Amino acid sequence: MKRTINKFSLILVALLGITGTSCLKDEGFDNGEYGSITGNTSGQEFVSIPLSSRPNNTAALGIESKTGTQAIKIFALSYDAADPAPAPFTATLAINNSLITDPSLTPLPASAYTISTLEVPFQAGRRVSDSVVLNINTSSLDPTQKYALGFTLMSVSKAGVQIPSNLKNLIMVFTIKNRFDGIYNIRSHMMHPADRPASWVRTPFDYPYEIELITTGPNTVEWNNTAFGDGFHPLMTPGVSGFGATRVAFEFDANNDLIAVWNAYPSPPNGRAFNIDPAYDGRWDPATKTIYAGFFMTQPGFAPIPIYDTLYFDRARP
């Protein structure tokens with residue numbers, strides 16, 4: 001009998017590192033007037049968005065799908081001067097989705113989020129502002145989409161502070177991860193029937209490489225073998241079993257029971273289903289974040305091959 005799992009709280013994944021070290025690259029930087037928070041600013045003061053220095057002024061953050069609203073610190077601003085802020089002041093941001101020109105990005109729907117404040121405080125004695133906090137509800141968002149919000153640094157309340165033109169715009173990209181998403185270790189067992197060569201028999205063993213489970217829908221994941229980057233099942237990778245290209249995909253129901261397994265290689269809808277072993281308790285265990293999967297692989301001319309995988313959660317995907 002399959003195990004019923006109650007609803008549970010999910011944790012935020014893929015934390016965005018926020019640092020206060022930013023290189024300002026405008027005319028002042030080229031002239032050597034200033035360089036970073038600890039650099040020589042020649043008596044000048046600057047406020048910028050450090051993450052704007054990334055390619056295309058874009059930074060990414062993965063957010064785990066969960067019920068209710070999550071309060072997430074998404075980025076901070078930096079104060080670049082010879083000394084830390086002598087007194088409190090604020091910097092004003094604006095949402096600017098005109099920055100989002102990549103057709104693969106969808107502007108984050110206004111109904112899905114609020115920003116705690118766009119008046120971002122700097123505390124006295126600090127070089128880094130308080131964090132910008134995004135309150136987001138992922139329940140209406142599509143895990144297969146990439147969402148984005150554009151921000152522009154508009155003004156600073158402290159007189160004399162400049163805003164570098166190339167470090168004032170930021171596009172934050174958000175991906176929604178379901179509860180199964182992550183990096184796993186795997187123990188596998190392939191039970192070959194009598195019509196298979198004895199050399200192909202695989203007793204349970206720990207596969208020495210990591211497996212990424214990547215969100216493809218609210219309750220589905222596909223895996224990528226990080227040893228090869230080819231998405232092959234480790235027991236179906238040429239040289240391990242001789243099976244060839246297989247990209248395993250899992251689907252779970254609301255109770256975390258495994259309800260479908262298929263080969264998504266090269267991609268749906270070209271994949272084909274594997275039969276689940278009805279006698280095996282296939283499921284995702286939320287207490288340990290462990291996946292138990294039992295299924296049969298069939299190939300022309302051979303009897304079905306029982307395969308049993310146990311995937312142990314190691315950490316969140318970046």
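Residue numbers run from 1 in the order of the sequence given. What you are looking at is a predicted structure, and each value in this text was computed from that prediction instead of being measured. Quick note: numbers below take in every heavy atom, side chains included, and nothing from hydrogens, waters or symmetry partners.
Between the side chain of Lys158 and the backbone N or O of Ala85, no donor-acceptor pair lies under 3.5 Å. A donor-acceptor pair under 3.5 Å links the side-chain atoms of Thr138 to the main chain of Lys66, judged by distance alone. Not one N or O on the side chain of Gln145 forms a donor-acceptor pair closer than 3.5 Å with the backbone of Thr175. Judged by distance alone, the side chain of Tyr147 and the main-chain N or O of Asp142 form a donor-acceptor pair under 3.5 Å. A side-chain donor-acceptor contact under 3.5 Å links Asp253 to the backbone of Asp257. Judged by distance alone, the side chain of Asn137 and the main-chain N or O of Ser140 form no donor-acceptor pair under 3.5 Å. Looking at Asp181, its side chain does come within 3.5 Å of a backbone N or O of Thr215 through a donor-acceptor pair. Ser52 places no side-chain N or O within donor-acceptor distance of the main-chain N or O of Pro50, the cut-off being under 3.5 Å. The backbone N or O of Asp281 sits less than 3.5 Å from a side-chain atom of Arg283, completing a donor-acceptor pair.
For the pairing with Leu99, the side-chain contact (heavy atoms from CB on, under 4.5 Å) check across Leu170, Asn57, Thr152 returns one residue only, Thr152.
Judged by distance alone, the side chains of Asp80 and Ser48 never bring a donor and an acceptor atom under 3.5 Å apart. Side chain to side chain, Asp130 and Gln123 meet the donor-acceptor criterion of an N or O pair below 3.5 Å. For the residue pair Glu222 and Thr216, no side-chain donor N or O sits within less than 3.5 Å of a side-chain acceptor on the partner. Judged by distance alone, the side chains of Ser65 and Asn178 never bring a donor and an acceptor atom under 3.5 Å apart. Between the side chains of Glu45 and Gln162, no donor-acceptor pair of N or O atoms lies under 3.5 Å. With hydrogens and angles left out, the side-chain atoms of Asn256 and Arg179 include a donor and acceptor closer than 3.5 Å.
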- request: Run the numbers on Phe180 and Phe250 for ring pair (Phe, Tyr, Trp, His ring centres under 6.0 Å), then give the verdict.
  value: CA-CA 10 Å; Phe180 317 108; Phe250 294 139; 9.2 Å; no
message: Run Glu210 and Arg317 through salt bridge (charged side-chain N to carboxylate O under 4.0 Å, His left out) and show every step you take.
response: CA-CA 11 Å; Glu210 295 176 332; Arg317 283 191 311 117; over 6 Å; no
- request: Might you work through the side chain to side chain contact (heavy atoms under 4.5 Å, CB included) test for Val133 and Ile115, ending with a clear yes or no?
  value: CA-CA 6 Å; Val133 178; Ile115 302 290; over 6 Å; no
Full working for side chain to side chain contact (heavy atoms under 4.5 Å, CB included) between Ile49 and Leu153: CA-CA 8 Å; Ile49 307 176; Leu153 178 55; 4.2 Å; yes
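A ring-centre distance under 6.0 Å is not found for Phe296 and Phe274. For Phe122 and Phe89, the distance between ring centers is under 6.0 angstrom. Between Phe151 and Phe75, the ring centre distance stays below 6.0 Å. Ring pair Phe313/Tyr184: centre-to-centre distance below 6.0 Å.
Within the 4.5 Å cutoff, no side-chain heavy atoms of Val120 are placed close to those of Thr90. The side-chain heavy atoms of Tyr312 and Lys289, taken from C-beta on, include no pair separated by under 4.5 Å. For the pair Ile171/Asn56, no side-chain contact is recorded, criterion being any heavy-atom separation below 4.5 Å from C-beta on.
Shortest non-hydrogen contact noted between Ala94 and Met154 is CB-CG, 3.6 Å.
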